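To start, the structure itself, in structure tokens.
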Amino acid sequence: MSALSALGGLVRDVLQTAFRLAPWPTATGLRVVGSPGPDSPVLLTANYDFTVRHVIRALRGCDVWLVVAPAKGINVWCAAGAGHLTTHQVVTALKTSGVADRVNHRDVILPQLAATGVEGLQVFRRARWRVRFGPVRAADIPDYLATGGVKSDAMRRVEFGLRDRLEMAAVWAAPVSLLVGGLTWVFRPVWALPLALLATILAVAVFLVYDQLPGPRQLLLGAGGALASVAVVAVAGGGLPALAAALLAPFALVALLTFDYAGSTPTEGSGGFDGQDWKIRLDPERCEGVYSCFEVCPEAVYEKHEGSRRVELAHDERCVRCGACVVQCPKDALFFEDGQGGRIEPATIRQFKLNLAGKRTVAVPPPPEEQKSA
Amino acid sequence: MSSLALMRWLEATPERYDAGMRLVTFGRVDRLHEALAAAVPEGARVLEVGCGTGAVTRRLVARGAQVTALDQSPEMLEQARRRLADAPGAPPAWLEQTAAEIDTLPEAAFDAVVMSLCLSEMSRDERSYVLRTALDRLRPGGSLLAADEVIARRPDRRILHALLRGPQWLLGWLIAGSVSQPVPDLAAEVAAAGYGVRRETRWLAGSLALVQAERVS
Ligand SMILES: C[S@@+](CC[C@H](N)C(=O)[O-])C[C@H]1O[C@@H](n2cnc3c(N)ncnc32)[C@H](O)[C@@H]1O
Ligand code: SF4
């Protein structure tokens, strides 16, 4: 790689981290990684520039075909949840990228986080490709391939480590500090920089400690921020208006920064969700031990036991209601139960996509077999 | 944990869609739809790819066509269904499928294939696959009617278009939730897929093209 393209990659990394909330499309179609042959594995991902570049980087030394599917330039998890990376886009990419002419098998490996949107069985019915859900993280793909598709527990789980937290802090800090700094610039230029800085510091604080705070988290964090910034302004000898701003701004900023907090972390189900009180349920009569739920759950809710032919729903308290397990189960053995004990069937979960607020509101007509016969 | 602040916009698209389209094409979209429908023989068997909210579908049905209308977006189809619920004429067969899946439809079963403003949402690979596959769905002598955003030929118009493109792109994305790249030369791609191109009509300073083509043999 030339120094120039390395620099270009770095610039894009920074911009795409800071502005992850905006789509960043890259070309769809077949990418050749290393020197793959007819037996080489086929991987598929969304046409989000950041992801495609990172997958290719992680695959250094591997020989694979990488199919880039059209997903409006959005990352895999968001695209799958919101209906932009579904069975249709996967079928499109498999049929039109020409990959079928290059290999003598029909197995495609998708990122695990695509499982909320892409129905493995439907892809097989419509395009005759078998879908397997690989690791969550690109970095694990080489090990996954080397072992012939063995996915360790760690490869299945979504983490929220220090690095992920700082990344999410940057994702929120950039637009919020730009917005706040920019607006303030218009009528009080001297406040713009301090406020932008405050937004950045609060963003880091939100993603480091928010999930450990008890009770009214927004108020607590706002109060902490207010205390600190009032102290700073007082020491710097700011006047009354500056002190008032230092007192109030942190509360407003925290509210803004935590607007989609649950949506920005893998540890909480989406906020403002009509399904917030939903519980994941297993119908043991229907379970035949296919274990697709076990393979796709990012929160290790399921356990597999030697000698049993059923999965165990062992940690339902960890469930973030992403729906991946419900969507993939070929036996329709999983469903959600709402607060009133009502049953939300798998067909409904497959038909309704999440929007930002985590609402499953969009009705979807039945699959094409039924449409044709109708 | 589903994120993306701007997803709301995308999510709410079908309702905004028609208004968005009108804005993006400076109101020319209605004329385009009329021209498309008028080019289809009355009573024809029509395959419509990317029917969206059914603006063309409605006009085709009004002309007595038997329409198979396909779109990959369930939300769009829902709007189309609603729009055509009480329309006189044969109700269309709606298919929630991706365009590439027309390869599962019977060969030579249609008198016309209509593609309005959807090719520009596809990659070049996909366009080529869809155009070639659509050719086999047409009976010999059947026609393709494809309308889409293209790049103007005259340099001054290209510049004008490039200037307008940024704001249009942003508006289109915010309001209609779809970002499209114009098809560089629609007529050339149609010809390359094996059709005989009969006519090309352009609107909007040469940036919107209607291509009429035919399955020759
Ligand atoms: C810009 S709208 C045009 C709708 C309508 N034909 C019109 O002229 O108003 C494009 C439509 O094509 C659909 N579309 C885009 N790509 C598609 C694909 N690969 N397969 C099926 N439909 C697709 C979209 O869902 C959307 O409804
Ligand atoms: S158990 Fe919950 S978190 Fe796990 S896949 Fe199912 S819905 Fe998602």
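Proteins come first, then strands; the chains are lettered A, B, ... in the order of their sequence lines, and each starts at number 1. Not measured: the values here are computed from a predicted model.
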What is the distance from atom [atom1] of [X] to atom [atom2] of [Y], rounded to the nearest 0.5 Å?
| X | Y | atom1 | atom2 | result |
| --- | --- | --- | --- | --- |
| B:Asp71 | A:His88 | CG | NE2 | 8.5 Å |
| B:Glu126 | A:Gln89 | CD | CD | 9.0 Å |
| B:Thr104 | A:Lys95 | OG1 | NZ | 6.0 Å |

All salt bridge (charged side-chain N to carboxylate O under 4.0 Å, His left out) counterparts of B:Arg45, not counting sequence neighbours
B:Asp111
Residue set satisfying side-chain hydrogen bond (donor to acceptor under 3.5 Å, both in side chains) with B:Arg83, at least two apart, ordered chain then number -> B:Thr53
For B:Asp125 and A:Thr96 the tightest heavy-atom approach is CB-O, 3.4 Å
Any side-chain heavy-atom pair from A:Thr92 and B:Gln72 closer than 4.5 angstrom?
yes
